[in-house]
Structures are given as structure tokens and as C-alpha cells.
Protein chains: 2
Amino acid sequence: MAATDKALAGLRQMIASGELGPGAKFPPEPELCDHLGVSRSSLREAVRSLGALGVIESRHGSGTYVTALDPAAIIGRFSLSVELIPLEGVLELLEVRRVLEAHATAAAAARQDPELEAQLSSVLDRLESTTDATEIQHLDAEFHGLICAAGGNPTVTALTGVIRGRGGHYRIFEPGADFDAIKQTSDRGHRAILAAITTRDPAAAATAASAHIAQTELWLRALRPVPQPALP
Amino acid sequence: MAATDKALAGLRQMIASGELGPGAKFPPEPELCDHLGVSRSSLREAVRSLGALGVIESRHGSGTYVTALDPAAIIGRFSLSVELIPLEGVLELLEVRRVLEAHATAAAAARQDPELEAQLSSVLDRLESTTDATEIQHLDAEFHGLICAAGGNPTVTALTGVIRGRGGHYRIFEPGADFDAIKQTSDRGHRAILAAITTRDPAAAATAASAHIAQTELWLRALRPVPQPALP
DNA sequence: TGACCAGAAGTGGTCTGAGGACTTACTCTT
DNA sequence: AAGAGTAAGTCCTCAGACCACTTCTGGTCA
């Protein structure tokens, strides 16, 4: 077994066995090297691997710790890889988002939360009054993010957020021939979702959300823009 | 900006910009070090990070390559972190699986594929005739995996597979007082799913799959076994 | 007594250099 | 033309040194 793999397995085992729970601190690097039987370089590469996956966190000068192992945070790490997925794969991911977000939107509609409805209405007012692509993207993310959060499952919120972020790199809302038509269709979709939530109709909310995202899928399929995602 | 972060950003940028597409080969390590302005240690830690995320693959003696950037493969990498998530988080993830698998099962039912139905029936015959916990787990995974694959979205298949794998670490089917009752309920759930698929009823299939997984969630909530996942 | 500051110890971050292990391509032999 | 052997290219691992940051400790001063 390769040295780095040995270190990786050892670190994972320390967590899986319950020896180190969420938030626990690992021994110092030299001690871990002895314990795992690898050099410091190999150990550090293993630590980086688990760090990229959101399982371990190194704090300079302080130590190395197990993260909270919160599923939403771990899924958030996916954005590093999802942002590099080509368009073909993004379409597969959008189906996941469509299904999950329909579910979350239905749950949000069942909650009967006037404050949420006021927030959403405010976001839509701002969204409908702008034509700036970046602002559209941010407000769209806020709208859907608020709804997903109201759905009550942070994991769903994180997962849909990652996928939405990837889709946003393909700029549908570039000023162009179809801009007005696309924008109007999008705005109507958002209003339909809000209406279903306001009338506390989960089934209608799921349908509206599903249709709205399906529309996005159609635009992406049709546009097939140059797959050149912008990094943050 | 820290050295490793600089290397990480540089590597990602090379992929995101389109300079290196899926399957492309990176320059040798010394050359990359020059280009990115970091030492070999830092570069290698960055490569490991992207390797853990399924974006980059290093082949000993050959070179470092961009992976196929296939979303299913990238999601599969999640199992390394998901397998360490505590029970509380697993319940959130199971809701994701329930929603996605209901969707995939409905799609499978709409496909009208006699060969699939024969395969599923065979798996259930074997599943119903065993009481071995490990075999139950494998056959259960095969049953649900076949259905998800028939659903047509590999990303959904990968995602549900990762979550199912995590849930499997909690051994519901340990021989005990409730074993027979649990096993019978589980078997009935599987038959209900297969019946809906055989009668080509997507709505019934979605409902049956959703109910079956919801039952698993209930068992996990009730049992709250010692969270000691087994590593492969 | 309390707050603040300086130093010391602990810990991760980075760099350099060396040798080993594996893959690949080439060349020579049969 | 096929095979074995060789050489070049590349990643893997280790070791040691030094730097940067955090944390704790002890003392000082108001």
C-alpha cells in the first residue's frame, strides 16, 4: 500500500472508529507520522485530501481538526469540482436540482410563513427591475436559496445551491436578441412559484418550481454557449 | 495568498479556461512549479486536493491528467466523506435519496423494459431467500441500483448509491428480536416497487419507492445504533 | 485586582535536495 | 516482424531545515 494511501486510510479510520469525533483535534504532525508510519510529506498530502473533502481542517499554528462533519458543509466542498464539469454533465445535475428543488419548494409552501413570503416578494421586486446579468444571478440565487432553506433540509439547500452556482456560469442573461423574452419568462416563473407558496399549495409549488428549472434546462440545451466558466 | 492555494487556483484555472480539457495531460511537476511559482511540495498538495475531488488523476511513472470530469464519477468521490458523516446528518441525506430515488423509480417504470423486470424479479427472489445481513445489503443495493440506472440519469444513480452505501453501515438487519418483522416489511416494500414498475405505473412506483425509503428512515431514527461505520 | 503586553513554546506551512519506483518509448537482437 | 532489453521521462517518498502563525504564560502597569 502506498504511503499516502496508508496515511489516508489511517486518518479516516481514526474518525470512523469514533476515536476522533466532530471538532476533535489530531495529534501533532510528527506524532501522526510515527503512528501511521509515513513521512511528513505523505501525511500532509493525505491531510490535504481529506481537507478538500471537508472532513479535516488544518489551522496554521494551532493544529489539525476534524470538521463538524456537517453534510451541508461537506456538500458545499463539491462546488470546487462541480464548477469544472462540462455542459453535458451540468444538464444531468440540473435534473437533480429540479427534483430536489421541487420537493423543497413544496415543503416551503406547506410552512405558511408570512415573513418568508414578504422576503421573497421583495427579492422579486428587485429582480424584475434590473437588467444587470450579475445582479440577476445574485437575486435569483437569493430567491431560490430562501425557498430551499425554508424547506427545512440544509443538505438539500447546499446541494441545490452548488448546482445553481454551476449553472450560473453559463450566462443565459447576456444582453442579446432574446434577452427580453427570456427575462420575462423567468420573471413569470418566479411569480408563479411565489403565488403557489402564498396560497399554501405545495403541489402547485412543486409544479411551478419544476417547470421553472426545466425551462432553464431548455435554455442551456439550446444555447450551448462556450463552456468557459468563470472562477471566483 | 498561500502557496498551496495559489497552486490550487492555478491548476483549476488551467482546466476552467479550457486550456486543459477532460483527459488532458499536465506538464511535468518541475515545469508546473515554475509556471505556478511554488515548490514541489506545495504543488503536490494542491494536486492531491483536486485528486480527492475527482478532478485530477496522477499516474505513477506516467503523468498527471485531467479526469473525464464525469459528474457521476465526481459524485462517487463523495463516498470518502459521506461515509464519515454521523447519524444525524445521514437522516438529512436520506431525504435526498428518498426524493431522487422516487423520481428515478418513476422514470424506470415508464420505460417498459421486460428485461429489467426479469432482472429485478430475480434479485428479489434471492433477497427473500436469505437472512445473511451482508448478502441482504448487497442484493438491496443491486435492486435499487438497477432501478436507478434504468431511470436514465447516471448522476442520480451515483448520488443515491453513495447515500445508500452510507446508510448500509448502520446494520438494520442484525439478527435480533425485530429481524423477521423488519425483513418482511422490507421485502414487501421491494415487491410493491417491482409491481408498480411491472404495471408501468410511474406514479405508483414513485410512491412505493418513497414509502420504502421513508420506512428505512424510521428504522434508523428508532434504532439509533452506535455510529461506528465500517470502512471498506 | 484587572487589563494589557512581551516572550516562549507549540504547531502547521514552505522550500530544497536526494533517491527510488513505475511507465513509456525506443533500440537492438533474433 | 516480434520480442527482450535499455534508456528516458515522470511521479512517489523521504529527510532536514527554516519560516509563519497561534496559543499560553508570565510579568508589568494602571
Side-chain angles (χ1 to χ4, degrees), chain A residues 1-15 19-69 73 77 80-81, chain B residues 1-15 19-69 73 77 80-81:
Chain A
M1 192 181 213
T4 302
D5 291 339
K6 187 163 66 171
L8 198 59
L11 293 173
R12 290 190 73 223
Q13 186 57 42
M14 290 173 76
I15 302 174
E19 180 184 343
L20 293 176
K25 181 177 180 176
F26 281 92
E29 288 182 348
E31 198 171 322
L32 273 178
C33 292
D34 275 359
H35 177 48
L36 299 172
V38 299
S39 73
R40 211 179 143 213
S41 316
S42 300
L43 171 69
R44 285 186 55 78
E45 290 186 15
V47 168
R48 283 283 181 188
S49 289
L50 290 176
L53 292 168
V55 170
I56 279 182
E57 185 186 7
S58 279
R59 297 179 207 153
H60 191 180
S62 174
T64 303
Y65 303 81
V66 181
T67 66
L69 294 179
R77 287 324 209 85
L80 289 174
S81 47
Chain B
M1 192 182 214
T4 302
D5 290 340
K6 188 163 64 171
L8 198 60
L11 292 173
R12 290 189 71 223
Q13 186 57 42
M14 291 172 77
I15 302 174
E19 181 183 343
L20 293 177
K25 182 177 179 177
F26 280 94
E29 287 180 348
E31 199 171 321
L32 272 178
C33 291
D34 275 359
H35 178 49
L36 299 172
V38 300
S39 73
R40 253 193 84 210
S41 320
S42 301
L43 171 68
R44 285 186 55 77
E45 291 186 16
V47 168
R48 284 283 181 188
S49 289
L50 290 176
L53 292 168
V55 171
I56 278 182
E57 184 186 7
S58 279
R59 298 178 207 155
H60 190 178
S62 173
T64 304
Y65 303 82
V66 182
T67 66
L69 294 179
R77 287 323 207 85
L80 288 173
S81 47

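The sequence lines fix the lettering, A, B, ..., with proteins before strands; numbering per chain opens at 1. Basis for what follows: all heavy atoms, side chains included, without hydrogens, waters or symmetry-related copies.
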Seminar exercise, completed: Residues passing the side-chain contact (heavy atoms from CB on, under 4.5 Å) test with A/A7, sequence neighbours excluded, are A/L36, A/V38, A/A46
For this session: Scan nucleotides 9-18 of chain D nucleotide by nucleotide, 5' to 3', and note B when protein non-hydrogen atoms come under 4.0 Å of the base, S if they reach only the sugar-phosphate, - if neither.
Result: BBBBBBB-B-
For this session: Search all heavy atoms of A/M1 against all heavy atoms of A/A9 and return the closest pair with its distance.
Result: CE-CB, 4.1 Å
Can you give each donor-acceptor pair under 3.5 Å made by side-chain atoms of residues 51-59 of chain A, sequence neighbours left out, with the distance rounded to 0.1 Å?
residue, atom, partner, partner atom, Å
A/S58, OG, A/T64, OG1, 3.3

Exercise. Reading DNA chain C 5' to 3', which nucleotide is the first, and which the last, to come under 4.0 Å of any heavy atom in chain A?
Worked result: C/dG10 to C/dT14
Seminar exercise, completed: The reported gap from OG in B/S42 to CG in B/D5 (rounded to nearest 0.5 angstrom) is 9.5 Å
For this session: Sequence neighbours left out, what passes salt bridge (Lys or Arg N to Asp or Glu O under 4.0 Å) with A/R48? Give chain and number order.
Result: B/E45
Problem set entry | Verdict with supporting geometry, A/L43 and A/V47, side chain to side chain contact (heavy atoms under 4.5 Å, CB included) | CA-CA 6 Å; A/L43 171 69; A/V47 168; 4.2 Å; yes
Side-chain donor-acceptor contacts of residues 21-33 of chain B below 3.5 Å, not counting sequence neighbours, with atom names and distances?
residue, atom, partner, partner atom, Å
B/K25, NZ, B/S62, O, 3.3
B/E29, OE1, B/R40, NE, 2.8
B/E29, OE1, B/R40, NH2, 2.8
B/E29, OE2, B/R44, NH1, 2.8

For this session: For DNA chain C, find the residues of residues 49-57 of chain B with a heavy-atom distance under 4.0 Å and give them by number; none if there aren't any.
Result: none
Exercise. What distance separates A/L50 CG from A/T67 OG1, expressed to the nearest 0.5 Å?
Worked result: 10.0 Å
For this session: Check step by step if side chain to side chain contact (heavy atoms under 4.5 Å, CB included) holds for B/L20 and B/L11.
Result: CA-CA 10 Å; B/L20 293 177; B/L11 292 173; over 6 Å; no
